[in-house]
Amino acid sequence: MNWPRPLDPLRSFKAKTGLLVVASLFLASLTFWITAQWQFRFALLAALISALAVTQVLAHGMTSPLREMTAAARAMATGDYSRRVRSTSRDEIGQLATAFNQMAEDLEADDRYRRELIGNVSHELRTPIAALQAVLENVVDGVETPDQQTMRAALAQTERLGSLVADLLDLSRLEGGAVPLQRTAFEIEPFLDEVIRQAGGPAGPLPAVVEVSPAGLRAVADTARLHQVIANLVDNAARYGSPEAPIRVRVRIDQHTGDLVLDVHDDGPGIPAADRSRVFERFTRGGAQDGGTGLGLAIARWAVELHDGRIEVLDTDPGCCIRVSLPQT
């Protein structure tokens, strides 16, 4: 049922409230006005004027959050998401102001993420594109010959571009919730051996020591997502660790929680304590600038969280140890 809305033409909420008060008092006192003496009529008129004045004062405070929301919404239309609405009331307007502030915070975070993503991706793409362009220009200008070494350098930059694009696509799917989990039971040791073998690439297998306790331990997880986690951790360990020392991968079952615990340890410089809370964020490299995309640990974190697990940097010396805990129930 559509109720009549005769006050819609008025553009001020205070005017609507004042008119409502005056109309209510006038209708309620119409009979009294007709039958009363003149002195009572003047008293009634004074009461109407006083009620209208008080209504205007109170309505000004009531509508203040609405005016602030209007100004903030106009600022958002121009790209300014920093404005917030102050409201101390607990009524519907106060609840609306709280919801508006939450919406503004979410929009500001999304806008900041978009700007950072564009800037970071542009920065990451610029380096391999510039290197690849330099190699091809040298070949075209005759400075270098297209021998195997030159083509291998161009291929390395192309592979780096492909890796960055693949990481971005994986992270986008993980954040969007478009990657369903397909948990299966599998034996962990041959799975780890295969992941480490593939992580080595054409340069040969990575030096790694795998310790699984007890022997024949089986795990329940999404093998594709877990492959991403371990591959990224092993890749980081190989990049930052010493080439002479092997990567150590230990897997066991926590006797207290029943979780599968996987530790990847290297003997590199480690991650400073101040950076450990940020190392799983996008494009964070823990202070190192070695040409990595800075997305590997962010992808690992999302994949672990899809399993309702935890990933953390342990306090070890020397080197770095990252622990992954996955529930098995």
- Query: Do Trp302 and Val229 have side-chain heavy atoms sitting under 4.5 Å apart?
  - Reply: no
- Task: Mark yes or no for whether Thr150, through its side chain, and Pro146, through its backbone, hold a donor-acceptor pair below 3.5 Å.
- Result: no
- Query: Any idea which heavy atoms bring Ala185 and Arg218 closest together, and the distance?
  - Reply: O-NH2, 3.4 Å
- Query: Are a donor atom and an acceptor atom from the side chains of Arg225 and Gln228 found within less than 3.5 Å of each other?
  - Reply: yes
- Message: Which residues pass the salt bridge (charged side-chain N to carboxylate O under 4.0 Å, His left out) test with Arg250, not counting sequence neighbours?
- Response: Glu211
- Message: Once you measure the plane-to-plane angle for His227 and Phe191, does it fall in the parallel (<30°), tilted (30-60°) or perpendicular (>60°) bin?
- Response: perpendicular
- Gap between atom CG of Asp308 and atom OG of Ser325 - 0.5 Å precision: 13.0 Å
- Query: Are Leu136 and Leu132 side-chain neighbours, meaning at least one heavy-atom pair lies under 4.5 Å?
  - Reply: yes
- Determine whether Leu297 and Ile322 make a side-chain contact, defined as any pair of heavy atoms from C-beta on separated by less than 4.5 Å. yes
- Among Ile, Leu, Val, Met, Phe, Trp and Tyr joined by side-chain contacts under 4.5 Å, find the other residues sharing a cluster with Val139 and list them by chain and number. Met151
- Task: Would you tell me whether Thr98 and Asn101 have side-chain atoms, one donor and one acceptor, within less than 3.5 Å of each other?
- Result: no
- Message: Show the nearest heavy-atom pair for residues Gly309 and Pro327, with the distance to one decimal.
- Response: CA-CD, 3.9 Å
- Item | Within one Ile-Leu-Val-Met-Phe-Trp-Tyr cluster: Val324 and Val210, side-chain cutoff 4.5 Å | yes
- Apply salt bridge (charged side-chain N to carboxylate O under 4.0 Å, His left out) to Glu189 and list each qualifying residue two or more places apart in sequence or on a separate chain. none
- Item | Ile247 side chain near Val209 side chain, heavy-atom distance below 4.5 Å | no
- Query: Is it the case that Asp106 and Gln102 place a side-chain donor and acceptor less than 3.5 Å from each other?
  - Reply: yes
- Item | Residues forming a salt bridge (charged side-chain N to carboxylate O under 4.0 Å, His left out) with Asp80, sequence neighbours excluded | none
Identify all side-chain donor-acceptor contacts of residues 259-267 below 3.5 Å with residues at least two apart in sequence or on another chain.
residue, atom, partner, partner atom, Å
Asp259, OD2, Thr257, OG1, 3.4
Asp263, OD1, Arg323, NE, 2.7
Asp263, OD2, Arg323, NH2, 3.0
His265, ND1, Arg248, NH2, 2.4
Asp266, OD1, Gly268, N, 2.8
Asp267, OD1, Ser242, N, 2.9

- To the nearest 0.5 Å, atom CD1 of Ile188 lies from atom OG of Ser213 at 13.0 Å
- Value for CD (Glu108) from CE (Met76), rounded to nearest 0.5 Å, stands at 8.5 Å
- Looking at Glu312 and Arg301, does any basic side-chain N land under 4.0 Å from a carboxylate oxygen? no
- Can you get from Leu314 to Ile230 by hopping between Ile, Leu, Val, Met, Phe, Trp and Tyr side chains that sit under 4.5 Å apart? no
- Rounded to the nearest 0.5 Å, the CG atom of Asn236 sits from the OH atom of Tyr240 at a distance of 5.5 Å
- Message: Would the distance check show the side chain of Gln328 and the main-chain N or O of Val220 forming a donor-acceptor pair, the cut-off being under 3.5 Å?
- Response: yes
- Task: List for me each residue that meets ring-ring contact (aromatic ring centres under 6.0 Å, His included) alongside Tyr81, sequence neighbours excluded, and say none if there are none.
- Result: none
- Message: Can you give me the closest heavy-atom contact between Arg84 and Ala104, atom names plus distance?
- Response: NH1-CB, 3.5 Å
- Show the numbers, then the answer: is there a side-chain contact (heavy atoms from CB on, under 4.5 Å) between His307 and Arg183? CA-CA 9 Å; His307 287 83; Arg183 299 176 188 264; 3.7 Å; yes
- Message: Treating Glu187 as the side-chain partner and Leu217 as the backbone partner, does any N or O pair qualify as donor plus acceptor under 3.5 Å?
- Response: no
- Task: Measure from the side-chain N and O atoms of Asp254 to the backbone N and O of His256, and report whether any donor-acceptor pair falls under 3.5 Å.
- Result: yes
- Closest non-hydrogen atoms of Cys320 and Gly270, given as atom of the first, atom of the second and distance, are CB-CA, 3.8 Å
- Note on the structure: d(Gln182 CD, Asp222 CG) to nearest 0.5 Å is 6.0 Å
- Close side-chain approach of Leu326 and Leu226, heavy atoms under 4.5 Å: yes
- Item | OG on Ser82 to CG on Asp111, rounded to 0.5 Å | 11.0 Å
- Message: Same cluster or not: Leu161 versus Leu155, using hydrophobic residues (I, L, V, M, F, W, Y) connected whenever any side-chain heavy atoms lie under 4.5 Å apart?
- Response: no
- Message: With a 3.5 Å distance limit and no angle check, can you tell me whether Asn138 reaches the backbone of Ala134 through a side-chain donor-acceptor pair?
- Response: yes
